[in-house]
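Following: one structure in structure tokens, then a few remarks.
Indexing begins at 1, ligand by ligand and atom by atom, following the structure's order. Residue indices begin at 1 and follow the sequence shown. Everything quoted here is computed from the prediction, not taken from an experiment.
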Amino acid sequence: MILFQPPLPPKYSALTEDEMALAIAERKRTLGSRLVILGHHYQQDEVIRFADFTGDSLKLSQIGAQQKDAEFIVFCGVHFMAESADILSDDRVKVILPDLSAGCSMADMAEIEDLETAWDFLVDECGANLIPITYVNSAASIKAFCGGHGGACCTSSNARKVLEWAFTQGDKVIFLPDQHLGRNTAYAMGIPLDRMVVYDPKTQRAAGFRPRGRSIALANDGQLTPDHVRNARVILWKGHCSVHGLFTEAQCNEIRRSDPGCKILVHPECKWEVVQKADLAGSTEFIIRTVNESPPGSRWAIGTEIHLVHRLASQHPDKAVRSLAGIQCLCTTMYRIDLRHLLWALDELVAGRVVNQIKVDPETKRLAVLALQRMLANVAPQPVAIK
Ligand code: 13P
Ligand code: SF4
């Protein structure tokens, strides 16, 4: 969801980085235990140093759910993460996103009306015994649909455990919005590619309302028929991350050619072909742990967001850490959270005003929390590799 962020008062443009940093530290002291700042690993260094807790999507959801005492969670991340924090935290807690335009293009690729249309076709018409699983990178309405239809959320840290659970509940899974995380995870579980099909909501929408009884849904990279659905174990929603989509097989080949000792470590939002070429694939926490635990002198080409890669490189001067891509793979929406917006949100709190509160309506919350709780019930003790 892309929300409009009104411009900040002009005084914020006049401040230097040092002035803003000092002021943020001061506001944090003033608000004390009333405030918790959460920061996703893709945030800029100047922002993340003010986070009380850092983590990937799963860890931050867990921490959000534990916040019983704080009055405010300021979420330095993107919109769907702030929504999850609002769903999981105590009703008293107000969740604030410092810049409302910090959305996620992948989450926007799954809209509730399209999911309802897909469900009609797959369940009512094709008769699939289907469990809906949504990556946590999705709107609260999608989470609520999954919660209300016996499904769950997952993150890249526990996608496999959640899929394994889903197959104890039904015969087939529809996985959304990230086709790549779905495909990579299902393949790692031993499900062959020819038992997965892609459902394309845009093609379906372009085909308009399809009267019941017509057997062809215009979807997939061609047409998705009830026979395709019957043969499939996993129906992958046609969505992707525009950042991780920038990593390619050619970049992997180039690393292999130019630096044979270098290990390729990628996030499972990367395309299947890239994950196959990589040495290891796993969530953001898995990537961090792998580099942290690697011996001095080891060399890593990493396929994930550039701020995390730079941070790992500067934290490990004894290791060679670089991006898998020559180009800068930056999440531009994560980047919208900057010191100015963080300071403004804290200034307003100190003045007794809550700005940019992310609030999920109670009915959506009631069902979405079921999906998130099933996600939190399927967590491995350590982030596990997908490959
Ligand atoms: P994780 O935090 O689950 O690794 O996901 C990465 C991401 O793209 C968050 O938007
Ligand atoms: Fe969304 Fe990709 Fe950015 Fe994560 S990295 S917030 S999935 S666009």
Revision key, fill the gap. One finds that the ligand 1 atoms under 4.0 Å from a non-hydrogen atom of M81 are 9 (C), 10 (O)
Check your understanding: What protein heavy atom sits nearest atom 3 (O) of ligand 1, and how far off is it?
Key -> S156 OG, 2.8 Å
Check your understanding: Considering only heavy atoms of T284, which atoms of ligand 1 have at least one such atom less than 4.0 Å away?
Key -> 1 (P), 2 (O), 4 (O), 6 (C)
Exercise for review: Assess H40 for proximity to ligand 1: is some non-hydrogen atom of it under 4.0 Å away?
Suggested key: yes
Exercise for review: Can you measure from CZ (F75) to CD (Q43) and round to the nearest 0.5 angstrom?
Suggested key: 9.0 Å
Exercise for review: Look only at interatomic distance and state if D56 has a nitrogen or oxygen under 3.5 Å from any nitrogen or oxygen of ligand 1.
Suggested key: no
Check your understanding: Between the side chain of E83 and the main-chain N/O of A140, is any donor-acceptor distance below 3.5 Å?
Key -> yes
**Study point:** Min side-chain heavy-atom separation E17-E46 under 4.5 Å
**Key:** yes
Practice item. Check whether any N or O atom of T155, backbone or side chain, sits under 3.5 Å from an N or O atom of ligand 1, and answer yes or no. Key: no
Point to revise | Exceeds 12 heavy-atom contacts within 6.0 angstrom, atom OH of Y335 | key: no
Check your understanding: Q357 side chain to I96 main-chain N or O, any donor-acceptor pair under 3.5 Å?
Key -> no
Review point. Heavy-atom contact under 4.0 Å between F286 and ligand 1?
Key: no
**Study point:** K387 NZ: over 12 foreign heavy atoms closer than 6.0 Å
**Key:** yes
Review point. Is H267 in contact with ligand 1, taking contact as a heavy-atom separation below 4.0 Å?
Key: yes
Study note, to complete from the structure: Looking only at protein heavy atoms, what sits closest to atom 2 (Fe) of ligand 2 is C241 SG, 2.3 Å
Practice item. Find all atoms of ligand 1 within a distance of less than 4.0 Å from any non-hydrogen atom belonging to N137, and give their numbers and elements. Key: 8 (O), 9 (C), 10 (O)
Study note, to complete from the structure: Taking only non-hydrogen atoms of F80 and a 4.0 Å limit, the atoms of ligand 1 in range are 10 (O)
Practice item. Examine the proximity of ligand 2 to E305 and report which part, side chain or backbone, both or neither, has a heavy atom under 4.0 Å away. Key: neither
Exercise for review: State the atoms of ligand 1, each with its element, that fall below the 4.0 Å cut-off from a heavy-atom position in S57.
Suggested key: 1 (P), 2 (O), 3 (O), 5 (O), 9 (C)
Exercise for review: Evaluate the side-chain contact (heavy atoms from CB on, under 4.5 Å) criterion for residues R233 and M196: first the C-alpha distance (whole Å), next the side-chain angles of each, then the deciding distance (0.1 Å), finally the verdict.
Suggested key: CA-CA 6 Å; R233 295 204 64 208; M196 304 182 209; over 6 Å; no
Check your understanding: Side chains of I131 and K172: does their closest heavy-atom pair fall under 4.5 Å?
Key -> no
Review point. Of all the atoms in ligand 1, which lie at a distance below 4.0 Å from a heavy atom belonging to E269?
Key: 5 (O), 6 (C), 7 (C), 8 (O)
Review point. Below 6.0 angstrom between ring centroids: does that apply to H180 and W272?
Key: no
**Study point:** Per-atom contacts of ligand 2 with S105, taking only distances under 4.0 Å to non-hydrogen atoms
**Key:** 8 (S)
Review point. Can you list the atoms of ligand 2 that are under 4.0 Å from a heavy atom of N137?
Key: 7 (S)
Check your understanding: Can an N, O or S atom be found in C104 less than 2.8 Å away from atom 3 (Fe) of ligand 2?
Key -> no
Review point. Do other residues, nucleotides or ligands put more than 12 heavy atoms under 6.0 Å from K68 NZ?
Key: yes
